[in-house]
Amino acid sequence: FADKMPAARTAAVEAVKAYVAAMNPWAAGLVLPALLHEIKTAGKWQVKTGSIVVLNQLVASAPTQIAKLTPEIVPVLSEAIWDTKADVKKAARDSLEKVTALVSNKDIERFIPALIKALINPVEEVPNTITLLSATTFVSEVDSPTLSLMVPLLSRGLSEKLTATKRKVAVIIDNMAKLVDSAVTVRPFIPKLLPGLIKVETAMGDPEARSVVARAIATLRQVGEVP
């Protein structure tokens, strides 16, 4: 992927793309860790962009399997969009759009562009996106792909300065947690939300807002079956 000759680089990427396109889709989970490792740690930017190209092929040829693996993919791509190399940034952003398109939750489908914006530009976009989502009534089942997209935003929202924003985050968490189908689905995300909620509850002065946060904590613990 990082050969000095462009033709060799292209041939290598195309060969791996052809391999993953032809393999059994259920093998996606075996190939993915190697790709994510390279996107995170590769010293050569060409290895990162080549790995992202192969990941995009997996999205196309194994969408069902990749949808289930979005909790592993989204954090890595969210980090890659801050890469110092412009080629990596663009590739990661484009890939993030392809991966998040696999999220099938009807309640948040229309907010996916806003959620991606919030990952790319959190300082300006997080409060706006939280306001948008807090006005939404959630009725669809919340699965792992949905949580993988929502949790980074909600986690960031808990560290915002305004009490009103943190209260909105607690309302969203409370509503969404009630629609999770099992403890197994929500449990991987609890460490990213519960400590933040507890910290907010402890520091919050407004009694009404504090009670909303306490309710979200109770719901999250109940659904995740954690003490």
Side-chain angles (χ1 to χ4, degrees), residues 70-82 92-93 96-97 99-101 103-180 183 185-224 226:
T70 48
E72 296 168 40
I73 300 168
V74 170
V76 174
L77 291 178
S78 300
E79 195 177 305
I81 57 179
W82 293 93
R93 188 179 302 187
L96 195 58
E97 289 177 2
V99 170
T100 54
V103 174
S104 58
N105 186 292
K106 298 295 181 190
D107 298 329
I108 70 158
E109 273 179 355
R110 61 197 169 106
F111 297 117
I112 287 175
L115 287 161
I116 293 173
K117 274 187 185 177
L119 288 170
I120 295 167
N121 190 4
V123 175
E124 291 181 14
E125 298 294 339
V126 164
N128 298 335
T129 308
I130 285 168
T131 299
L132 278 175
L133 286 165
S134 67
T136 302
T137 303
F138 293 98
V139 293
S140 302
E141 180 186 311
V142 173
D143 54 10
S144 284
T146 305
L147 287 171
S148 71
L149 192 53
M150 292 289 293
V151 167
L153 171 81
L154 298 173
S155 177
R156 170 85 191 200
L158 288 171
S159 63
E160 289 288 312
K161 286 184 180 178
L162 291 178
T163 296
T165 302
K166 288 183 276 200
R167 183 191 181 282
K168 286 172 185 171
V169 171
V171 169
I172 295 167
I173 292 172
D174 185 45
N175 290 339
M176 288 189 72
K178 290 171 183 171
L179 293 167
V180 173
T185 302
V186 76
R187 211 169 278 154
F189 301 96
I190 286 178
K192 297 173 185 175
L193 294 177
L194 192 55
L197 282 168
I198 292 168
K199 185 178 177 183
V200 166
E201 184 192 26
T202 306
M204 197 170 264
D206 182 333
E208 190 276 335
R210 193 165 61 244
S211 71
V212 172
V213 175
R215 188 165 68 240
I217 291 170
T219 303
L220 200 56
R221 280 177 165 157
Q222 180 184 352
V223 174
V226 295

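Heavy atoms only: backbone and side chains are in, while hydrogens, waters and symmetry mates are out.
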Task: Rounded distance (nearest 0.5 Å) linking atom CG of L132 with atom CZ of R110 - done: 8.5 Å
TODO: Mark yes or no for whether D107, through its side chain, and F138, through its backbone, hold a donor-acceptor pair below 3.5 Å.
DONE: no
Open item on the list: Working to the nearest 0.5 angstrom, can you tell me the gap between T219 OG1 and R215 CZ?
Closed with: 7.5 Å
Task: D174/K178 ion pair, N-O < 4.0 Å - done: yes
Task: Test log, rule side chain to side chain contact (heavy atoms under 4.5 Å, CB included), inputs I217 and R221 - done: CA-CA 6 Å; I217 291 170; R221 280 177 165 157; 3.6 Å; yes
TODO: Could you tell me whether the side chain of R167 and the main chain of A209 form a donor-acceptor pair under 3.5 Å?
DONE: no
TODO: Please round to the nearest 0.5 Å and tell me the distance separating atom CG of L194 and atom OG of S155.
DONE: 11.5 Å
Open item on the list: Using every non-hydrogen atom in the two residues, find where P145 and T70 come nearest and quote the distance to one decimal.
Closed with: CA-OG1, 3.0 Å
Open item on the list: If I compare all heavy atoms of I198 with all of T202, which pair ends up nearest, and what's the gap?
Closed with: O-OG1, 2.8 Å
TODO: Check whether the side chains of T131 and N128 place a donor and an acceptor atom closer than 3.5 Å, and report yes or no.
DONE: no
Open item on the list: Using the rule given for side chain to side chain contact (heavy atoms under 4.5 Å, CB included), can you reason through L158 versus L154, listing the C-alpha separation, both sets of side-chain angles and the distance that settles it, and then say yes or no?
Closed with: CA-CA 6 Å; L158 288 171; L154 298 173; 5.9 Å; no
Task: side chain to side chain contact (heavy atoms under 4.5 Å, CB included) between V142 and M150, intermediate numbers included - done: CA-CA 10 Å; V142 173; M150 292 289 293; over 6 Å; no
- [ ] Given side chain to side chain contact (heavy atoms under 4.5 Å, CB included), test E141 with T185 step by step and report yes or no.
- [x] CA-CA 11 Å; E141 180 186 311; T185 302; over 6 Å; no
Open item on the list: Is there a side-chain contact between L220 and M176 in this structure, where contact means two heavy atoms from C-beta onward sitting under 4.5 Å apart?
Closed with: no
Task: Heavy-atom pair of closest approach, residues R210 and M204 - done: NH1-O, 2.8 Å
- [ ] Would you check if T129 and R156 make a side-chain contact, meaning some heavy-atom pair closer than 4.5 Å?
- [x] no
TODO: Could you tell me whether a side-chain N or O of T100 sits under 3.5 Å from a main-chain N or O of L96, the two making a donor and an acceptor?
DONE: yes
Open item on the list: Can you tell me how far apart CG (N105) and CD (E109) are? Round to the nearest 0.5 Å.
Closed with: 7.5 Å
- [ ] Quick one: closest heavy-atom pair of P122 and L119, and the distance?
- [x] CD-O, 3.8 Å
Open item on the list: I need the F189 CZ to I173 CD1 distance, nearest 0.5 Å.
Closed with: 12.5 Å
Task: More than 12 heavy atoms from other groups under 6.0 Å of CD on E97 - done: yes
Task: Backbone N/O of E208 and side chain of S211: donor-acceptor pair under 3.5 Å - done: yes
TODO: Taking atom CD of E124 as the centre, report whether more than 12 heavy atoms of other residues, nucleotides or ligands fall under 6.0 Å from it.
DONE: no
Task: Check: G224 main-chain N/O paired with R187 side-chain donor or acceptor under 3.5 Å - done: yes
Open item on the list: Nearest 0.5 angstrom please: T146 OG1 to L149 CG, how far?
Closed with: 8.0 Å
Task: Heavy-atom pair with the smallest gap, counting every atom of I172 and S134 - done: CD1-N, 3.8 Å
- [ ] Work out which heavy atom in I81 is nearest to a heavy atom in R93; give both atom names and the distance.
- [x] CG2-N, 3.6 Å
Open item on the list: Just so I know, are the side chains of L133 and L115 near enough to count as touching, which here means a heavy-atom distance under 4.5 Å?
Closed with: yes
Task: S104 side chain reached by D143 side chain, heavy atoms, under 4.5 Å - done: yes
